[in-house]
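These numbers come from a predicted model, not from an experiment. Counting starts at 1 for both ligands and their atoms, in listed order. When reading the values below, keep in mind they use all heavy atoms of this one structure, side chains included, and skip hydrogens, waters and symmetry mates.
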Amino acid sequence: MSSPARKIKLEAKPNWVSTRNPCKACAPMGATLVMRGIEGGVPFLHGSQGCATYMRRYLISHFREPMDIATSGFSEASTIFGGGANLRQGLQNVTSQYKPGLIGIATTCLTETIGEDMNLLLHEYRAKGGQAENAPELVHVATPSYRGTHVDGFNDAVRAVVEQMAAEGALPSAYTQSFLNIFPGMVSAEDLRFLKEVADDFGIPATVFPDYSETLDGPSMLKYKKIPEGGTPLLALHATPAARASIELGRTLRQKKTAASFLQERFLVPAKRIGLPVGVEETDVFFNTMEKVTGAPMPEKYAAQRGRLIDAYVDGHKYVFGKRAIVFGDEDMVVGMTSLLAEIGAQPILCASGGKSGALAKSIAEVTTHLKEAPLVREGVDFMTMAEEAEMKELKPDFMIGSSKGAKFARALGVPLIRVGFPIHDRFGGQRILHLGYRGAQQLFDQIINTLLELKQDSSPIGYSYL
Ligand code: SF4
């Protein structure tokens, strides 16, 4: 009898190197998401049209919103002689058609491989009138996909924008008062709204960057707007060096040069790096950090949410205790979900990601100190490798938790998949999943328990009315 994982296994010991069903997407895609989170921003790919088409489709499928991504549309000639002319023409077209406040340019694999000199090209473009009055600001980030995942592209774009836009000297009056920078990482639109709500409740203005909570999950419009409303204001991006502190979410960022580390080194803005606030413990750390940087106590409504969550943990513990879970996806989401599972009594058995930060194992160890059995941690892996690992080690999970890209893997193992993170292509509302805070943990906990109850009910010959 073959085991479930064998159904999707190609070879026991391949003598070749390849990615088979990747647990990651491409780097410029993360960058385009960041550019979409800027007020008046238009993402622009310097490269082939096919890259932009793929990314548009991928992002629209998750967010269910229009996602314009401009491209310089490389041809065979531009691949050989350079794409400077295409870039200039493309920037002019976008400027006249969209009238953007900013064009965020990401370079694709092809452009990076031919060694396009972006600094020179943009310098020449600006010198020839690209800096005229009302001309959009231009920022560039290098995102060769063979060097990183969509999350790397995302984080590199956040740093590039902050680095290129941070202004020294006089600031608009709105930014002379005390405010915070919050760099949330790649979270859902609902998570971004949560972070803004928390800052409001603490009574402190905050620059949340990027902010695609409205641009990619906004209200229905009577009249189509080429650039949707919302996004981090350009002035706020110029003002990041004047912040009281930067809070950056993501334990696996530790080896990276980030926006917060740049602002700390260059402008002495204190940087606080903490994990994604998923689950009680990580959310406690987040609220403690907010209390420290604002000097204000956590608002009462969050204490009430925390209390309700703890009560639910007590009520639901018997259903989830000892259940074995495979967690996969973007590294910081994997760390957050692992922390949540560990605190509710479930046993994470395999924590895996296509990302290769080099910090995943340490981060998982930090959030699972009280577990008796440490989970296997694998970074830089694809779904086929995960399936082989699950089979070889006889992991026998009860459920999986991660993006919709693991659906085939879950089906092969015959276990339910709880969809979180990015992308979610086979369910509705991925952009509105709340992962963060006590309320986010409450929703995730309810979903985990109900998934397990449903499984029990469906697989029982008599069914149950009371579980
Ligand atoms: S060629 Fe590179 S940038 Fe373009 S879609 Fe493929 S991985 Fe992404």
Side-chain angles (χ1 to χ4, degrees), residues 16-37 41-63 66-84 86-87 90-91 94 103-119 121-122 138-161 186 210 212 216 256 329-331 353-357 379-385 403-405 421-425:
W16 36 266
V17 177
S18 176
T19 299
R20 301 162 297 164
N21 198 2
C23 183
K24 61 180 178 181
C26 85
M29 186 186 299
T32 60
L33 194 51
V34 171
M35 304 312 179
R36 193 58 156 180
V42 172
F44 185 108
L45 286 185
H46 188 36
S48 313
Q49 189 184 340
C51 301
T53 307
Y54 150 63
M55 287 174 221
R56 275 201 297 264
R57 187 224 154 271
Y58 206 90
L59 290 165
I60 288 169
S61 218
H62 177 86
F63 287 99
M67 177 74 195
D68 289 9
I69 302 176
T71 172
S72 51
F74 262 47
S75 62
E76 288 86 347
S78 27
T79 306
I80 296 164
F81 301 114
N86 289 44
L87 179 69
L91 292 176
V94 171
I103 303 178
I105 306 154
T107 30
T108 67
C109 300
L110 173 62
T111 327
E112 288 291 325
T113 302
I114 67 170
E116 196 85 311
D117 189 341
M118 290 303 290
N119 285 339
L121 289 176
L122 291 177
L138 302 176
V139 289
H140 163 242
V141 56
T143 45
S145 223
Y146 41 79
R147 217 178 52 196
T149 68
H150 59 294
V151 176
D152 295 310
F154 184 100
N155 291 323
D156 288 348
V158 171
R159 167 148 178 147
V161 170
M186 204 166 152
Y212 39 85
L216 282 172
K256 276 186 88 71
D330 300 346
E331 288 174 279
S353 175
K356 271 200 269 188
S357 68
E379 63 172 54
V381 292
D382 56 24
F383 283 110
M384 198 63 88
T385 312
S403 75
S404 70
K405 290 295 166 196
F422 173 89
I424 296 183
H425 289 160

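H46 places no side-chain N or O within 3.5 Å of a backbone atom of S72 that could act as its donor or acceptor partner. Of the possible polar contacts, one joining the T149 side chain to the V151 backbone as a donor-acceptor pair under 3.5 Å is found.
Scanning all protein heavy atoms for the shortest distance to atom 4 (Fe) of ligand 1 gives C51 SG, 2.3 Å. In terms of protein heavy-atom proximity, atom 8 (Fe) of ligand 1 is nearest to C26 SG, 2.6 Å. Here the heavy atom of the protein found nearest to atom 5 (S) of ligand 1 is Y54 CD2, 3.5 Å.
Here C109 fails the criterion, with no N, O or S atom under 2.8 Å of atom 4 (Fe) of ligand 1.
Taking a cut-off of under 4.0 Å to the non-hydrogen atoms of S145, the atoms of ligand 1 that pass are 2 (Fe), 7 (S). For ligand 1, the atoms lying closer than 4.0 Å to a non-hydrogen atom of T108 are 3 (S).
The side-chain hydrogen bond (donor to acceptor under 3.5 Å, both in side chains) test with H150 singles out one residue from D330, T32, N155, and that residue is D330.
The aromatic rings of Y58 and H425 stand perpendicular to each other, their planes meeting at an angle above 60°, with 30° marking the opposite boundary.
Heavy-atom minimum distance, L216 versus P66: CD2-O, 4.2 Å.
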